[in-house]
2 protein chains.
Amino acid sequence: MTFQKRAHKILELLEAFGEVEIRQLSSKIGVSEVTVRRDLTTMAANGLLYRTHGGAMKISEVIKPVSFANKAAVNLKAKDAICRRAAADIMDNDVIFIDCGSTAFRLCQFIKNKKIKVITNSLPVVNELQHSAVAVNLIGGEVDTARQAVHGTMAKEHIARYHASKAFLGVDGITAEGLYAGSEQEASNTLAMASQSDCVYMLCDASKIGKTSYLKFNDLSLVNILVTNYNGTDLTNFESKGLSVYSVTD
Amino acid sequence: MTFQKRAHKILELLEAFGEVEIRQLSSKIGVSEVTVRRDLTTMAANGLLYRTHGGAMKISEVIKPVSFANKAAVNLKAKDAICRRAAADIMDNDVIFIDCGSTAFRLCQFIKNKKIKVITNSLPVVNELQHSAVAVNLIGGEVDTARQAVHGTMAKEHIARYHASKAFLGVDGITAEGLYAGSEQEASNTLAMASQSDCVYMLCDASKIGKTSYLKFNDLSLVNILVTNYNGTDLTNFESKGLSVYSVTD
DNA sequence: TTTAATTCGATCAAATTTAATCATAATCAA
DNA sequence: TTGATTATGATTAAATTTGATCGAATTAAA
């Protein structure tokens, strides 16, 4: 029984039931659980299914990533406190990147009267800065409706053409080991913006600190300054890795 | 019972009742209250629901999706008639350019269910096609607040990287002598899109026919098809220059 | 305002699942 | 056949998930 055949069988069962358990698969296919687990890992990496604990689900059954508007309402106070502190570092004539995260979006309200240039892939940011003193450069590419953002190869190339003094970015999770993203696209975008900036600000409310996500895309060296409302003792872990930490209270 | 399954159940109940209590969820799903609490926390962090004391609520739809102001509702009937006719020529799998004019914007409503790709520099177009079958590619560059559009060198380069089967464009004025634009930027954008398209549709309500403006940027050879509600005898002037004319009535 | 009752978040322990390591079996090329 | 590469299965340590407990925080009532 080759991997191809097993994969076919797994997808068949998945189509029929919507979800499967490793134990079932093992007995139905006649291979060990270890092998099934390996198969599922491979298939999940190829986007053929969604891995759960003890089994797998059809991709279509997975709760979808939530719209930007909904996410923006979470942890509002903390996000605003973080952004107020970050905005204090922005000077007239700065050129800054703002990514498509819901945290960085809250930065807009604090920079409306600054004479700066903002380069962003976030549609809400563009909209928010519409009638302000800020000059906006919008990154082009494929429009991602769910994230209200622009991604893709063209976006990456666009970013590579520009250079900013500061970048204000978010991540899905951050630990002493590195940075975690919720999707390849977010990771790619974060890397692209960071590499074109003199100083990278990471804006993370407390829920992001110590959290990992499925995609670790870089170590902490990417970041210069961490702005957060988290104030646990393990913040020193970040400082010992060379990050400056701005601690704020909400 | 995995988290994904529980999340499904919770959202289902939330949809049905608008709000749920932890105790209900615990007994209905068959897991401890601690686990339900953890699930709700996670889901709230993802913006899937609002956390309340002792339970959760459905997210209200009050947070409005980003909406761009819709400019000049002039000659609406004529523009809609023109766009309905133009849309009839758009087939599934087409890749089309739509420019930032107020006429071309009206095209959106007629293409929402088509399986096509739209490349545009117009923010209202992006917004309008947000939740449709259409895949949108947004042109990057400097945001022009007044025109709700993207312009500049970067935009021009972006357009040059793509190719479309059809372009749907507007102008400030059109005569037998050529095409007139209201600004350098509009002219530059029109030229760029036209040069990358197999077939150029010019969408002009009657007020544009025979009108000149301060910048004549090209002769009529740029255009393949003129769609208009104008029906004067001098339309033959355009046809004699090689244009096809679609005449519509509003 | 004070008090009582819930609810929450943090911590811990048990059970399960996973990832990593290694040894064995199968496959393939020369 | 031999040697090398790959796939599989067994074993074990690490990580996740879950539920229980208890002080802290929040809500409701007096």
Side-chain angles (χ1 to χ4, degrees), chain A residues 1-10 13-14 19-46 48-57 62-63 74-78 172-178 180 182 204-216 228-235 237 249-250, chain B residues 1-10 13-14 19-46 48-57:
Chain A
M1 176 77 88
T2 67
F3 167 72
Q4 287 296 333
K5 281 193 157 185
R6 294 196 304 271
H8 195 266
K9 185 86 183 167
I10 290 172
L13 291 167
L14 216 48
E19 60 197 320
V20 289
E21 284 176 21
I22 288 185
R23 210 155 304 157
Q24 298 170 358
L25 290 176
S26 168
S27 69
K28 282 209 182 185
I29 300 180
V31 290
S32 74
E33 297 187 9
V34 177
T35 300
V36 172
R37 208 169 283 130
R38 268 194 278 247
D39 288 352
L40 293 185
T41 305
T42 305
M43 294 171 76
N46 291 341
L48 292 168
L49 46 77
Y50 180 84
R51 193 78 170 76
T52 64
H53 252 168
M57 289 177 71
V62 178
I63 307 279
V74 179
N75 284 340
L76 255 195
K77 266 169 61 184
D172 214 45
I174 180 171
T175 72
E177 277 67 49
Y180 297 82
C204 295
D205 64 63
S207 70
K208 304 288 169 54
I209 307 287
K211 180 190 170 196
T212 62
S213 189
Y214 94 102
L215 177 61
K216 178 179 166 189
T228 183
N229 66 320
Y230 179 82
N231 63 353
T233 53
D234 41 345
L235 277 181
N237 294 340
T249 53
D250 32 297
Chain B
M1 176 76 91
T2 64
F3 167 72
Q4 280 289 334
K5 280 189 82 172
R6 295 196 303 271
H8 265 281
K9 191 87 185 163
I10 291 172
L13 292 167
L14 216 48
E19 57 191 338
V20 289
E21 284 175 22
I22 289 185
R23 207 158 307 154
Q24 297 170 359
L25 291 175
S26 168
S27 69
K28 283 211 180 187
I29 300 179
V31 291
S32 74
E33 298 186 11
V34 179
T35 300
V36 171
R37 209 170 284 133
R38 267 194 278 248
D39 288 352
L40 293 185
T41 305
T42 304
M43 293 171 75
N46 289 334
L48 292 164
L49 44 76
Y50 277 135
R51 192 75 169 73
T52 62
H53 260 244
M57 283 177 62

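In the text below, chain A, chain B and the rest are named by the order of the sequence lines, each starting its count at 1.
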Could you check how far CD1 of Ile29(A) sits from C1' of dG9(D), rounded to whole Å? 15 Å
With sequence neighbours excluded, tell me which residues meet side chain to side chain contact (heavy atoms under 4.5 Å, CB included) with Glu177(A). Thr175(A), Tyr180(A), Lys216(A)
Using a cut-off of strictly less than 4.0 Å, decide whether Arg51(A) has a side-chain nitrogen or oxygen near OP1 or OP2 of dT18(C). yes
Whole Å only: how far is the CG atom of Leu25(A) from the C1' atom of dG9(D)? 17 Å
Would you give the length of the straight line joining atom CG of Leu13(A) to atom NE2 of His8(A), rounded to the nearest 0.5 angstrom? 11.0 Å
Measure from CD on Glu33(B) to P on dT7(C) and round the result to the nearest Å. 8 Å
Got more than 12 heavy atoms from elsewhere within 6.0 Å of CD, Glu21(B)? no
Rounded to the Å, how far apart are Asp39(A) CG and dA19(C) C1'? 15 Å
Step through the shown structure and confirm whether more than 12 heavy atoms of other residues, nucleotides or ligands are within 6.0 Å of CD on Gln4(B). yes
Residues two or more places apart in sequence or in another chain: which of them pass side chain to side chain contact (heavy atoms under 4.5 Å, CB included) with Arg38(B)? Val34(B)
Would you check if the side chain of Arg51(A) reaches a backbone N or O of Leu40(A) as a donor-acceptor pair within less than 3.5 Å? no
Nearest whole Å is fine: how far is dT16(C) C1' from Phe3(B) CZ? 19 Å
Is there a donor-acceptor contact under 3.5 Å from the side chain of Thr2(B) to the main chain of His53(A)? no
Between C1' of dA10(C) and OH of Tyr230(A), the distance in whole Å: 12 Å
Does Ser26(A) reach a base, just sugar-phosphate, or nothing at all? Heavy atoms under 4.0 Å. nothing
Contacts of Thr42(B) meeting side chain to side chain contact (heavy atoms under 4.5 Å, CB included) (sequence neighbours excluded), chain-then-number -> Phe3(B), Asn46(B)
Each nucleotide of nucleotides 10-17 of chain D classed B (base within 4.0 Å of a protein heavy atom), S (only sugar-phosphate) or -, in 5' to 3' order, makes B-----SS
By side chain to side chain contact (heavy atoms under 4.5 Å, CB included), which residues pair with Thr52(B), not counting sequence neighbours? Met57(B)
Taking the nucleotide of DNA chain C with the nearest heavy atom to each, does Arg23(A) or Arg37(B) sit closer to the 5' end? Arg37(B)
Among the candidates dG9(D), dG9(C), dT17(C), find the nucleotide nearest to the side-chain atoms of Val31(A). dG9(D)
Taking the minimum atom-to-atom distance to the side chain of Ile22(B), which one of dG19(D), dC8(C), dT6(C) wins? dC8(C)
Angle, rounded to 10°, between the helical axes spanning five pairs at each terminus of the helix from dT1(C)-dA30(D) to dA30(C)-dT1(D)? 40°
